[in-house]
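The block underneath contains the structure these notes are about, expressed in structure tokens.
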2 protein chains.
Amino acid sequence: MAVTIRDVAKEAGVSISTVSRALSSPNKVADATREAVESVVVRLGYRPNKNARGLITGRSGTIGLIIPDLENPYFGAVSKGVQERARAAGYSVYIGDFDEDPSIESTVVRSLAKQVDGIIMCSPRSTDVELGRLTSLVPTVLANRKFADVPSIVFDNGGMLRVLRHLTALGHTTIAYAGGPEQSWSHRHRSEAFQEFGEAHGTTELIELGSFPPNFGGGVQAADLALASGATAVVAYNDLIALGLLDRLRERGVSVPEQISIVGFDNVAVSTFVRPNLTTIDQPRKHMGRMAADLLLSILDADDAESTHIPRQLPVDLVVRQSTGEAPLSRRATGTTTAS
Amino acid sequence: MAVTIRDVAKEAGVSISTVSRALSSPNKVADATREAVESVVVRLGYRPNKNARGLITGRSGTIGLIIPDLENPYFGAVSKGVQERARAAGYSVYIGDFDEDPSIESTVVRSLAKQVDGIIMCSPRSTDVELGRLTSLVPTVLANRKFADVPSIVFDNGGMLRVLRHLTALGHTTIAYAGGPEQSWSHRHRSEAFQEFGEAHGTTELIELGSFPPNFGGGVQAADLALASGATAVVAYNDLIALGLLDRLRERGVSVPEQISIVGFDNVAVSTFVRPNLTTIDQPRKHMGRMAADLLLSILDADDAESTHIPRQLPVDLVVRQSTGEAPLSRRATGTTTAS
DNA sequence: CCTGATTATGCAAACCTTTTCATTCTGGGT
DNA sequence: ACCCAGAATGAAAAGGTTTGCATAATCAGG
């Protein structure tokens, strides 16, 4: 049988109340007894029973992390950050993968809600109304999405702007955007920034190619549309789409970046494995996980809602590599003829 | 306040014992009452308090998953499989990322051991002696490693054999192996298989290039050694190394597969994103996660150790793509001269 | 119609900890 | 020398559930 607080109390010659206090509120007990208790604790190898503690305090020392897909390194990085900070603060983390399925997301959140102190929802796919219900169940922090006044961590929305400035500086005047899933908050966000830039810079022609699955295949689809659009640069919703673009363009005999420039988002590891290396927006994903965890824990520990001191917005970085270059002189140099 | 078993009992007009039995051992209660209780349960939205249950049963309904690196999609896939099965069986899963650091691995296992029913250790990096200590703390299942009589799931060791047969069928007679980390159990395993094949097929010359970091950079390192070795085919410890090989070979003007064939292990998603596509061994990683979870749960539920009926070994598959081809006629056709 | 076996249900203890309240002890101020 | 404030400690309740034991109800066999 495991060693309980009783064993420690008996061994140390004090009451169980004293042992409990010595461990959880050390200042309420005399130094001498505290030290005596502590030495017995280590000698016997006593570990408080989390269930018994949780039963009475109502706290579990656990947080839940809800993510769309563990297999996606993007979310793996976020999870790693969350996990790292939670462990440092003495919390354990339950993980809930919902396989990109909003209904599973609901189920998982509801089943976890009762057994954790708080939840981090990363890139939630639920509708606003469902999200409202879910976030009312238990203290929640959102990552990659803003909703009402639920605390959240998002990436700086300046990424798209930087990309477009980079491309116009290279002389591109016709730029296409290969978007991600309609229901993605990030996609909508980027699309807006894309449009806004167009309104502010009338000289640049901006073309939305539509929505594509956020994977390699989506990029392959988008490539032919991009080519037909006459754009000399294509911004992809994420690196995977950009990779698909790259591959299909090569297949069609279009050279990157000489004829078309390509930019991705995320800076996944593989963007340096391909040729040309991908110019992309680096999002500090692990750091997002860390901050989400910090924010949640500060909310849990503080009784008042004074946790606004933590910055909610993370800066992103443009990483220029080989896939972007000067705009070609002839705007439609993509065909079979080499001279105009 | 949350709704407790008392509320349900009162509402249903039965005792709390009956409610408890209706939920946890339905066959011990009359059908009519069980149904009545169930309807009240859903109406009130009652969820048993896991702490209270755990306190008395000594079971937490939780398993721990210990993995080297969440950010690595290989382990993400395993985690996904574990998570999927655990959730289906009503278990939650704690995740513990130890950042490839054996000492953190120990710490995490020890801290988790007291609060979970069992643990799955995926690709443990600890030494045998430490692993012995850790696995004695709590029911454990090992993935990707065999140790003493601890239940484990590993991949079929026939992968290397298939690769070598594939390559010899293509006419390769000088084959190199770019290995992974020394302490990796998989690496040692593959290296052995590589050697054995050589002893059985005296006509083939097999060259071990050494150990490399299991990432892109490791492959870049290995490339020059491979070239110098005169091998016409290189088997890499994993796909990342293979990708590094591919990139460096292109840089040095060596064409794949015309001059050198490359094979990886793992079939990570990116192996289809590069040109030439990578020939590789597909390891059903998510399935490994599922089976590890099933095995652990069956051990936890069965009082006797009769869980040997679950297969412990997963078949792997050779996926032939573009990076392997016929051996060049001239064994050293890697130079600048095109004719011998 | 009665008896004994079987099934269904209720009562109460037990799980281990935290925390309120009461008690004892210490020491400083008068 | 006395009293009182404050600190240190102990006793006991509470938290929600499971489960062994006892009781009540049902039913088949005689």
Side-chain angles (χ1 to χ4, degrees), chain A residues 1-38 40-41 44-62 90 92 111 113-117 300-301 303, chain B residues 1-38 40-41 44-62 90-92 113-117 300-301 303:
Chain A
M1 223 39 213
V3 34
T4 87
I5 200 173
R6 296 204 130 70
D7 305 323
V8 178
K10 185 179 295 179
E11 186 76 10
V14 296
S15 74
I16 59 171
S17 331
T18 304
V19 176
S20 174
R21 272 186 287 255
L23 298 177
S24 42
S25 33
N27 53 328
K28 296 215 147 202
V29 87
D31 287 354
T33 42
R34 180 176 49 73
E35 280 163 22
V37 168
E38 279 170 355
V40 174
V41 163
L44 266 51
Y46 167 71
R47 309 279 300 248
N49 179 315
K50 282 221 174 197
N51 282 322
R53 170 179 289 175
L55 182 56
I56 190 154
T57 61
R59 301 278 301 268
S60 59
T62 311
S92 306
S111 85
K114 299 291 174 141
Q115 42 182 322
V116 299
D117 297 338
L300 294 181
D301 289 341
D303 309 288
Chain B
M1 223 40 211
V3 35
T4 87
I5 199 173
R6 298 203 129 72
D7 305 324
V8 177
K10 184 180 295 178
E11 185 75 11
V14 296
S15 74
I16 59 170
S17 335
T18 304
V19 176
S20 174
R21 274 185 283 254
L23 297 178
S24 43
S25 31
N27 53 330
K28 296 214 151 202
V29 86
D31 287 355
T33 43
R34 181 175 49 72
E35 282 163 21
V37 168
E38 279 170 355
V40 173
V41 163
L44 266 51
Y46 167 72
R47 310 283 298 246
N49 179 316
K50 282 222 174 195
N51 281 321
R53 171 178 291 172
L55 182 55
I56 190 154
T57 60
R59 302 275 302 267
S60 60
T62 310
Y91 279 78
S92 305
K114 299 288 174 145
Q115 40 182 323
V116 299
D117 296 338
L300 294 180
D301 289 342
D303 309 289

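First the proteins, then the strands, lettered A, B, ... as listed; each starts at 1.
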Practice problem: Ignoring backbone atoms, test whether Ser20(B) places a side-chain nitrogen or oxygen under 4.0 Å from the OP1 or OP2 oxygen of dT18(D). | Solution: yes
Quiz item: Which of the following nucleotides, dA14(D), dT9(C), dT18(D), is nearest to the side chain of Arg53(B)?
Solution: dT18(D)
Practice problem: Tell me, yes or no, whether the heavy-atom count around Arg6(B) atom CZ, taken from other residues, nucleotides or ligands under 6.0 Å, exceeds 12. | Solution: no
Exercise. Please list all pairs passing the side chain to side chain donor-acceptor pair (under 3.5 Å) test where one or both residues lie in residues 47-57 of chain B, with sequence neighbours left out.
Key: none
Self-check item: Inter-end axis angle, the helix from dC1(C)-dG30(D) to dT30(C)-dA1(D), with every axis fitted to five base pairs (rounded, 10 degrees)
Solution: 40°
Practice problem: Would you mind checking if Asp7(B) and Lys10(B) are paired as a salt bridge, meaning a charged N to carboxylate O distance below 4.0 Å? | Solution: no
Atom pairs, N/O to N/O, protein against nucleotides 20-25 of chain C, distance under 3.5 Å?
none

Quiz prompt | Closest listed nucleotide, where the reference is the side chain of Val14(B) and the choices are dG10(C), dT18(C), dT9(C) | solution = dG10(C)
Self-check item: Closest to side chain of Thr57(A), choosing from dT19(C), dT18(D), dG16(D)
Solution: dT19(C)
Practice problem: Could you check how far CZ of Arg59(A) sits from C1' of dG16(D), rounded to whole Å? | Solution: 19 Å
Quiz item: Would one find a side-chain N or O of Ser24(A) under 4.0 angstrom from OP1 or OP2 of dT17(C)?
Solution: no
Quiz item: Of all the nucleotides listed (dG10(C), dT18(C), dG16(D)), which has the minimum atom distance to the side chain of Leu55(B)?
Solution: dG16(D)
Quiz item: In terms of side-chain heavy atoms of Tyr46(A), which of dT9(C), dT17(D), dT17(C) is nearest?
Solution: dT17(C)
Self-check item: Listed nucleotide nearest any side-chain atom of Thr4(B), set dT17(D), dT18(D), dT17(C)
Solution: dT17(D)
